[in-house]
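Let me begin by presenting the structure, written as structure tokens, before commenting on it.
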Amino acid sequence: MKKVGFVTVYGRANAGKSTIINKCLGYKLLPVSSKPQTTRDNVKAIYNDEDSQIIFVDTPGVFKPHGKLGSILLRDAESAKEGVDCIVYVIDASEVPNFELCQKLQNAEVPIIIAYNKVDLVKANVGEERLARYVSLLPKAKVVRMSAKDNFGIDILLSEIKDTLQEGYPFYGLDMATDRPKEYIISEIVREKCMRLLSAEVPHSIAIDIKSVDYDDEENVMSVYGNIIVEKQSEKAIVIGKKGAMISEITRYSSQSMASFFGCKVDLNLVVKVIPDWRNDERYLKKFGYDESL
Ligand SMILES: Nc1nc2c(ncn2[C@@H]2O[C@H](COP(=O)(O)OP(=O)(O)OP(=O)(O)O)[C@@H](O)[C@H]2O)c(=O)[nH]1
Ligand SMILES: [Mg+2]
């Protein structure tokens, strides 16, 4: 028997939720970028050690929603607080405090751990004064001061999480990293590179549609064909770049990440397509995995 359970990682956009989960896992599974709304799904990331299995549920950051996709993301983030064993509430210590989410957490029936993240970016006295105000609204919460980027506080967070979990049998196989198929991991790798390399609003109108993944055992090569979907011709031109410079950067960085994640060579072929206003079109939202009716 191990300590087992589901732990939702919740908080405002860009607080460092996905970074914290990746650091707990010890390898990079989830997309991270400096732009808000990087995460678009409630993805399960499975952590295993000798005495525990923790199933982290990453969530889209809470953000003022735009359009149908934005509303789906917000609904996903809020619903992920239900039916779990513990909630890790991630706060960016360097941001001006915002107590809206504390109110949403005040009636939670499960233990809450405040992951007070990015302490590297704020003077200690300012950070502590802000933290005290959060704690006064969530007096029962445990607090872990962290800098996920520097791996500071990760061990303490894991041990606080384990303290909240019950003994039981693992829910997932010990070699499983996530509940999602490889096509999903690939699409998230490509989307992350788009988030990182493209500026302004373009990344938010992108979806990745992986068409095929074939693996050649003898050559140890994974061949992938996929589409990068954007909403406008002007965005397509930006994603392709001058003489194809941008799409080749996206392809190069994505291939490197895929090669290190899957441990094989990668032949990645990406085509840019325009689907006007897909983020407000139920058919396409569904096709790209953002289901309104769930
Ligand atoms: N300085 C500093 N930066 C951090 C820390 N943790 C995360 N970051 C950075 O903060 C940015 C956002 O990190 P993410 O992990 O994508 O944040 P998120 O909460 O998952 O964001 P969304 O998915 O958009 O809601 C990235 O640029 C990270 O590198 C930290 O402890 N210190
Ligand atoms: Mg995220």
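In listed order, ligands and their atoms are each counted from 1.
Residue contacts to the Mg ion (ligand 2): S18 brings an N, O or S atom closer than 2.8 Å. Here T39 reaches the Mg ion (ligand 2): one of its N/O/S atoms is less than 2.8 Å from the metal.
Of all atoms in ligand 1, listed by their number and element, those nearer than 4.0 Å to a heavy atom of P36 are 24 (O). Close approach of ligand 1 to S34 is summarised as follows: ligand atoms under 4.0 Å from at least one heavy atom of the residue are 27 (O). Numbered from 1 in the order shown, with element, the atoms of ligand 1 that lie under 4.0 Å from a heavy atom of S33 read 11 (C), 12 (C), 13 (O), 16 (O), 26 (C), 27 (O). If you number the atoms of ligand 1 from 1 as listed, the ones under 4.0 Å from a heavy atom of L121 come out as 1 (N). Applying the 4.0 Å criterion to heavy atoms of N14 picks out, from ligand 1, the atoms 11 (C), 12 (C), 17 (O), 18 (P), 19 (O), 21 (O), 22 (P), 24 (O), 25 (O). Counting atoms of ligand 1 from 1 in the listed order, those under 4.0 Å from a heavy atom of D120 are 1 (N), 2 (C), 30 (C), 31 (O), 32 (N). Contact atoms of ligand 1 toward G61: 25 (O) (distance under 4.0 Å to a heavy atom of the residue). The atoms of ligand 1 that sit less than 4.0 Å from any heavy atom of G16 are 7 (C), 13 (O), 14 (P), 15 (O), 17 (O), 18 (P), 19 (O).
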- request: Begin with the C-alpha distance, continue with both residues' side-chain angles, and end with the deciding distance and a verdict on side-chain hydrogen bond (donor to acceptor under 3.5 Å, both in side chains) for N42 and T59.
  value: CA-CA 5 Å; N42 293 351; T59 63; 5.4 Å; no
message: Let's go through Y116 and R130 carefully: what are the C-alpha distance in whole Å and the side-chain angles of both, what is the deciding distance for side chain to side chain contact (heavy atoms under 4.5 Å, CB included) to 0.1 Å, and is it a yes or a no?
response: CA-CA 10 Å; Y116 197 59; R130 288 176 177 169; 3.3 Å; yes
task: Could you give me the CA-CA distance, side-chain angles and deciding distance for K287 and D209, then say whether salt bridge (Lys or Arg N to Asp or Glu O under 4.0 Å) is met?
output: CA-CA 9 Å; K287 180 167 158 51; D209 188 16; 3.4 Å; yes
- request: Please test V43 against Y184 for side chain to side chain contact (heavy atoms under 4.5 Å, CB included), starting from the C-alpha separation and ending with a verdict.
  value: CA-CA 10 Å; V43 183; Y184 179 82; 3.0 Å; yes
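In this structure, OG1 on T39 lies 9.5 Å from CG on L73, to the nearest 0.5 angstrom. In this structure, NZ in K232 is found 9.0 Å from CG in D277, a value given to the nearest 0.5 Å. Of the inter-residue distances, the one linking I250 atom CD1 with I240 atom CD1 reads 10.0 Å to the nearest 0.5 angstrom. Rounded to the nearest 0.5 angstrom, S52 OG and L158 CG are separated by 7.5 Å.
Using the six-membered ring where Trp is involved, Y134 and Y89 have ring planes that are perpendicular, over 60° apart on the 30 and 60° scheme.
When ring centroids are compared, F171 and F6 come within the 6.0 Å threshold.
For atom 3 (N) of ligand 1, the closest non-hydrogen atom of the protein is K149 CD, 3.8 Å. Protein heavy atom at the shortest distance from atom 25 (O) of ligand 1 is K17 NZ, 2.9 Å. Of all protein heavy atoms, the one lying nearest to atom 8 (N) of ligand 1 is K118 CE, 3.7 Å. The closest protein non-hydrogen atom to atom 29 (O) of ligand 1 is V32 CG1, 4.0 Å. Of the protein's non-hydrogen atoms, A148 N, 2.9 Å is the one closest to atom 31 (O) of ligand 1. N117 ND2, 3.2 Å is the protein heavy atom nearest to atom 6 (N) of ligand 1. Among all protein heavy atoms, the one lying closest to atom 13 (O) of ligand 1 is T19 OG1, 3.5 Å.
Both the backbone and the side chain of T38 come within 4.0 Å of ligand 1, counting heavy atoms alone. For Q37, every heavy-atom contact with ligand 1 shorter than 4.0 Å involves the backbone, none the side chain.
Checking each of R196, K193, E192 against Y253 for a side-chain contact (heavy atoms from CB on, under 4.5 Å) leaves exactly one that passes, namely K193.
Ligand 1 has an N or O atom lying under 3.5 Å from an N or O atom of A15, backbone or side chain.
A salt bridge does not link K3 with E167: every distance from a Lys NZ or Arg NE/NH1/NH2 to an Asp or Glu carboxylate oxygen is 4.0 Å or more.
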